[in-house]
Amino acid sequence: MDPQPLERTNPPLGEKISVSEVNAWYGAQQVLFDLSMGIRTCAVTAIIGPSGCGKTTLLRLMNRLNDRVPGARMTGLIRMDGRDINGPDVHVAELRKRVGMVFQKPNPFPGSIFDNVTFGLKIRGMVMRSFLNERVERTLRQVHLWDEVKDKLKSSALNLSGGQQQRLCLARALAVEPTVLLMDEPASSLDPINTARIEELILQLRAQHTIVIVTHNMQQAGRTSDVTAFLHKGRLIELADTATFFTNPKSPSTQDYITGRFRL
Amino acid sequence: MRPFSLFEFFERMERWVAQLGRGGLALLVRLMTITIILLALAWLGYLFWIGQARLNTEFLFGFNSVVARKAGVYPALMGSLWLLLMVFLLSFPPGLAIAVHLERGRTNRRIKHLISLNLSNLAGIPSVVYGLAGLEIFARQLNLGVCLMSAALTLALMALPTVIITCREAIRRVPAELEDGAVALGATPLQALWFQTLPTALPGILSGVMLSISRVVGEAAPLLVLGAVAFVPYAPSSVWDYFTLLPVQIFYWSNQSQPDFAPNAAAAVVILLGITLIFHLFALWIRNRWKERIHL
């Protein structure tokens with residue numbers, strides 16, 4: 001496996017997603033307060049914070065997955081490429097095609113490995129065999145799973161190990177060619193070796209993808225991200241370049257959190 | 001004397017039960033199980049013995065007759081198979097739809113709770129009551145008369161609560177993350193349900209539905225009330241035909257004054273048990289295959 005991240009020729013500095021003054025509720029309980037932040041294009045943004053601080057909620061607002069949660073609502077504006085993702089002209093399935101997501105627990109479909117990777121394509125009517133074969137091979141190579149599974153593409157995805165399953169889920173998301181990847185603690189259920197693999201993948205993928213990763217592992221945030229955001233009790237406490245964030249945090253509570261002296 | 005302690009009491013009880021388990025209790029349980037199985041087998045053997053003269057193709061494909069030796073079970077057998085199929089077709093699609101709605105629909109939670117409470121109540125209503133309801137609603141008010149259709153509607157109504165409950169169970173056992181994963185790839189909620197949740201739940205759904213339907217079709221009481229007890233000399237050829245079915249035929253033959261009909265009843269019981277057994281084995285097979293699929 002190649003540990004070197006791909007060289008980025010043109011480091012883009014634009015904002016892919018902008019979150020402005022977002023409040024979110026589950027029922028009567030407010031979980032996000034007046035949150036505003038920008039997500040930089042083709043960079044890795046890590047969101048850290050203690051459990052229950054609203055990290056996952058923020059992530060799930062970006063592909064509107066929270067629409068599915070009964071009682072969940074939000075106010076404020078989330079724009080992707082300048083367009084309001086909650087706007088009336090936005091087709092939510094199209095939005096989710098462009099914003100891929102990897103979940104905390106690997107959740108492969110019970111079908112074959114091949115079916116897993118092609119599901120996102122098939123529901124869009126892309127069924128040409130040669131095209132699917134080509135796309136499966138490409139995305140599985142991209143997540144370094146091809147050599148392990150190329151002889152058993154027809155066997156059940158549930159027979160794979162946890163780490164393989166998570167890489168398959170990543171391949172599944174990549175198959176529809178999203179520009180944004182949301183990762184909700186993608187390595188939290190994996191062992192150190194598989195965690196390292198996922199982290200390497202993140203570093204490779206940021207050449208072409210805008211990545212938002214939620215993690216409670218600060219070392220992971222430090223290793224993989226360009227920008228780090230610290231959330232606490234639904235509020236954005238600090239947002240800075242990762243190097244600055246960990247070496248020279250402005251907010252005292254950020255300082256406390258990254259040094260482990262944090263009290264809830 | 002020491003004060004009574006619940007902790008100590010439980011500890012002693014457990015030790016006592018464990019001791020019993022090593023010795024007598026396990027043996028007792030084993031003996032009881034064997035006895036029950038032997039009793040069931042003995043009863044089955046007795047039925048075979050009584051009905052052996054009639055367990056042949058002539059009986060299986062023969063039509064009913066006033067002469068016991070010439071009477072066949074064919075009309076009843078076909079009636080049962082027709083009903084099995086019709087009840088499946090009538091109760092499965094609406095049952096699954098209601099189950100999906102209750103599990104995934106956007107109805108108020110309180111209304112859903114009320115519906116599920118009613119469902120479990122309906123599942124407990126005696127079958128005779130369903131027969132009376134079917135007689136009044138389908139045979140009389142809807143003017144269907146006593147025919148396969150009104151019988152199938154009655155039985156479908158009776159199967160519906162259990163069908164809904166088993167479908168809900170099967171759907172609920174599919175992890176929600178699966179649907180989230182599909183939706184996150186750009187699937188619509190219906191696509192996620194149709195292509196991921198339902199195929200994963202299908203074996204569980206089917207095995208549950210088959211068990212509840214085969215149970216319902218084994219019922220004689222509701223159809224006796226509906227008016228199915230009669231001498232039917234022909235097999236049904238359409239859903240509007242008059243009909244009989246195995247449980248009713250068994251009841252009819254065992255009610256005859258001539259003892260000659262007893263072997264007929266016994267043989268029909270063996271056939272009915274055979275059908276039910278095949279159904280149950282099939283359902284079990286599906287369920288076991290499903291278990292391998294749903295480790296997530």
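Each chain gets a letter, A, B and so on, in the order the sequences are listed, and its residues count up from 1.
Proximity to chain B (any heavy atom under 4.5 Å) is restricted, for A/L65, to the side chain, taken from C-beta onward. Only the backbone of A/D67 comes within contact range of chain B, with at least one heavy atom under 4.5 Å from a heavy atom of that chain. For a residue to count as touching a neighbouring chain, one of its non-hydrogen atoms must lie under 4.5 Å from one of that chain's; by this rule B/A176 does not touch chain A. Contacts of A/R172 with chain B are made by both backbone and side-chain atoms, with heavy-atom separations under 4.5 Å. The part of A/R60 that comes within reach of chain B is its side chain, from C-beta onward, which places non-hydrogen atoms under 4.5 angstrom from that chain. Residue A/V102 does not touch chain B at all, counting heavy-atom pairs closer than 4.5 Å.
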Exercise. Can B/E177 and A/Q104 be said to form a side-chain contact (heavy atoms from CB on, under 4.5 Å), step by step?
Worked result: CA-CA 10 Å; B/E177 290 95 32; A/Q104 185 169 0; over 6 Å; no
Exercise. Between B/F195 and A/D115, does a side-chain contact (heavy atoms from CB on, under 4.5 Å) hold up when you go through it step by step?
Worked result: CA-CA 11 Å; B/F195 292 110; A/D115 289 343; over 6 Å; no
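The closest side-chain heavy-atom distance from B/L185 to A/K97 is not below 4.5 Å.
In this structure, A/H91 NE2 and B/T188 OG1 are separated by 8.5 Å, a value rounded to the nearest 0.5 Å. With rounding to the nearest 0.5 Å, the separation of CZ in A/F109 from CG in B/L178 is 6.0 Å.
Scanning both residues, A/R68 and B/P189, for their nearest heavy atoms gives NH1-CB, 4.1 Å. When all heavy atoms of B/A184 and A/M101 are compared, the closest pair comes out as CB-CB, 4.0 Å. In terms of heavy atoms, A/A93 sits closest to B/G186 at CB-O, 3.2 Å. Taking every heavy atom of both residues into account, A/F103 and B/G181 meet most closely at CE1-CA, 3.7 Å. B/Q196 approaches A/P110 most closely through the heavy-atom pair OE1-CD, 3.9 Å.
Heavy atoms of other residues, nucleotides or ligands lying less than 6.0 angstrom from CH2 of A/W146 number more than 12. For B/F282, the CZ atom sits in a loose shell: 12 or fewer heavy atoms of surrounding residues, nucleotides or ligands are nearer than 6.0 Å. Around atom CD1 of A/I193, no more than 12 heavy atoms belonging to other residues, nucleotides or ligands sit under 6.0 Å away.
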